[in-house]
Structure formats: C-alpha cells, structure tokens
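Have a look at the structure below, then the notes.
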Number of protein chains: 2
Amino acid sequence: MADSIIERLRAGGKKLTKARRAILEALERSSVPITAGELHARLRKVRVPIDLVTVYRNLGMLQKLGLVTAVGLHDGQMRYEVRHGREHHHHIQCRGCGKIVDLMLCPIKKLTAVVEAKTKFAVESHTLEFFGWCPQCR
Amino acid sequence: MADSIIERLRAGGKKLTKARRAILEALERSSVPITAGELHARLRKVRVPIDLVTVYRNLGMLQKLGLVTAVGLHDGQMRYEVRHGREHHHHIQCRGCGKIVDLMLCPIKKLTAVVEAKTKFAVESHTLEFFGWCPQCR
DNA sequence: TTGATAAATGCAAACCATCTGCATTTTGGG
DNA sequence: CCCAAAATGCAGATGGTTTGCATTTATCAA
C-alpha cells in the first residue's frame, strides 16, 4: 500500500486496521468500480470476513478523505474505486451484461469555465458516464 | 398537454388517466428534475391525491416510452423530467442548498465516435452532471 | 512493554426509496 | 352502454445503506 495513503489516513486521525487495509487492497486490485456488496464478497474470498457495515463505513470515510471515488450508474447502488495513483477518468457500462470499462478521457475540464460563467456556480466536480452495448451483447 | 404525448401513450397501449395527466402536467410545470416524492407532494397540493406507488409506476412507464428522463444526482434518489419538447441538456447542483440549474449544453455528441472507437461499444446514452456551489452558498 | 484512549468493528435493528401482489376501479374501443 | 385491458390503492415486501451501542483494536506516550 502506498505511503501517501497511510499519511492521509494519519492526517485524518484514522487508523490502519486490518479491515481497512484489506478494503483498500481489494479496491486497488479492481480495475473498475465495484459495489459495497461486491467488495464485501471479495474480502470474504480473501479470508477477511468483514461485516458489510464496516465496508460501508470505510467507503464513506475514504470518500471524505478523497481516497475513494463513488460512481453511480443508476442501477440502484453506488460503486467505488480508489482514486490514489489513478488519473481522473470516466466509464461506459453495457446495458446488456453490465460490463464496465474505464474511459481514460475527459472533455469536461475545458468546459468548467463556460459552466461557471453561465451559472455563477463554483464548479467542484462532475460525473460523466456512458451507456451502450458491448461487442458481445450488441 | 401536447398531442404528440397522447399519441405516444396510445401507441404504447396506454390510457390517459386523471393521475397520469396530472403527473405529466406537474412535470411540465417543473423547470428542473424532481423526485417521485416531490412530485407526489405537488400533486397533493393541486388536489390530485394519487398514491406514491402510482407515481412510481407512471414514471417507470413514461421512461420506457421515452417521454420522461431519469436524472441521478447521487443523493439516494432519482429525479425525473419531461423530455418532450425540451432539448437534451445537463444539470449542475449546489452542494450547499441542493439547488439544481439546467445547463443547456452538451459537449458529448462529438465524443461519441471517439468512445465507440476506443471501446467497440455502441454508445446509446450518457449522463453528465456538475456539482459545485451556487452564488448564495459559496 | 504497558495503559490509556480514541477510533473501529460487529450485530441487530432502523431507514428509506422503490417495487410487487392482489383486489377494485377506470378508461377507451366496439 | 359494455367489456376487456389497463390503471389504481393499499399493504406489505425488498434491497441498499445507515444508526445505536456494547466490545475490540490500533496508536502513542510514559
């Protein structure tokens, strides 16, 4: 696990527990955002039987610290991915099989100024997700 | 209510009930996407006391017919807006007060081809939402 | 190393948005 | 006006997520 992650936890007065370490490692192993339930199942497979509540609490906390990002794909649950060491990006999900693929692009940065001028809001973040049909499902 | 809406309902074998008409009218009155609960409350105010379940069922159906669009702002519930007669657009929401403003722009159309080339997916739709701080809250 | 203490965990139960089943009512075509 | 299909209301279920509380664990200073 990266030192910078541990530092950020310390800075937030957080401890590095067995559960927390396992959660972060599982997230780092995943190439696409996963749900709390999926994360919970994977931890069980790796013999780290953490309570689902603990998963939720950690995800919430890690989000607040900016170590984890939440992704909503409108299927009734949130997904999470580590932010550390990964570039800002977006996703596309198949409407058939649910497969998710990272999209290493972002056309929004240039647009922020326009949005701020139009709305007088201070833009803080954005979400951008694509939906479609993967090669197998179309 | 626009004739084209009624036509689309007919084409789908749907009836134009009092409840349904009221739901569509309430949605047309709203300039930004609202939740099922908010919609339900507004209907009550207009003396159309429909069951919340009916609101949900209608929203689901109208979505399938393409008359209504669902918007997810990651606050634990979906929001809905009429699609008929309105241009494709996106939104920005204030992290302070929750205020939502329409953003009549979309930088994504040009990007679809790029995404399809990169992923081999057939892109069907996308979501794009901004978050920030409104003039009053920042 | 030990002890104190704040943080973290597990378990049970609560919450909340949303959906389902079913009996009853309403709509629209014939 | 009648009737079948569609729609509604009510009650209760569902599933993701959160909260309360007693117990355990990580950290740090002595």
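Below, chains carry the letters A, B, ... as their sequence lines are ordered, and counting in each starts from 1. Reckoned from all heavy atoms, side chains included, excluding hydrogens, waters and symmetry mates. From a predicted model like this one, the values you see are computed outputs, not experimental measurements.
Ring geometry, A:His126 versus A:His88: the interplanar angle exceeds 60°, so the pair is classed perpendicular (tilted spans 30 to 60°).
If you measure from atom CZ of A:Arg21 to atom P of D:dT25, you get 17 Å, rounded to the nearest angstrom. Rounded to whole Å, atom C1' of D:dA7 lies 11 Å from atom CD1 of B:Ile23. Here the C1' atom of nucleotide C:dT18 and the CD atom of B:Glu38 are 16 Å apart, to the nearest Å. The distance from atom CD of A:Gln77 to atom P of D:dT18 is 13 Å, rounded to the nearest whole Å. B:Asp75 places its CG atom 14 Å from the P atom of C:dC16, with the value rounded to the nearest Å. One interatomic measurement links the two molecules: NE2 of B:His40 to C1' of C:dA17, which rounds to 14 Å at whole-angstrom precision. Spacing between atom CG of B:Leu52 and atom P of C:dA17 amounts to 9 Å, rounded to whole angstrom units. Counting to the nearest Å, the C1' atom of D:dT17 and the NE2 atom of B:His74 are 15 Å from each other.
Side-chain contact of B:His89 with B:Glu81: a donor-acceptor pair under 3.5 Å is present, judged by distance alone. B:Ser4 and B:His84 share a donor-acceptor pair across their side chains, judged by distance under 3.5 Å alone.
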Exercise. B:Arg95 and A:Ser125: side-chain hydrogen bond (donor to acceptor under 3.5 Å, both in side chains), yes or no, with the steps?
Worked result: CA-CA 10 Å; B:Arg95 286 222 192 277; A:Ser125 65; 2.8 Å; yes
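Sorted by residue number, the members of residues 54-70 of chain A with any non-hydrogen atom under 4.0 Å from DNA chain C read A:Thr54, A:Arg57, A:Asn58.
For the pairing with B:Glu129, the side-chain hydrogen bond (donor to acceptor under 3.5 Å, both in side chains) check across B:Gln93, B:His90, B:His91 returns one residue only, B:His91.
A salt bridge between A:Lys120 and A:Glu116 is absent, with no side-chain N of the basic residue lying under 4.0 Å from a carboxylate O of the acidic one.
Counting only heavy atoms from C-beta outward, the side chains of B:Arg29 and B:Glu25 approach each other to under 4.5 Å. Side-chain contact between A:Ile34 and A:Tyr80: absent, with no pair of heavy atoms (C-beta onward) separated by less than 4.5 Å.
If you check every strand for non-hydrogen atoms under 4.0 Å, B:Gly13 touches sugar and phosphate atoms only.
Relative to the side chain of A:Met78, the nucleotides D:dT17, C:dC11, C:dT18 differ in distance, and D:dT17 lies closest.
Taking only side-chain nitrogens and oxygens, A:Arg20 never comes nearer than 4.0 Å to OP1 or OP2 of C:dA7.
The environment of A:Arg44 atom CZ is sparse: at most 12 non-hydrogen atoms of other residues, nucleotides or ligands sit within 6.0 angstrom.
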Expected rows: protein N/O vs nucleotides 23-30 of chain C N/O, under 3.5 Å:
| unit_1 | atom_1 | unit_2 | atom_2 | d |
| --- | --- | --- | --- | --- |
| C:dT27 | O2 | B:Lys15 | NZ | 2.4 |
| C:dG28 | OP1 | B:Leu16 | N | 3.2 |

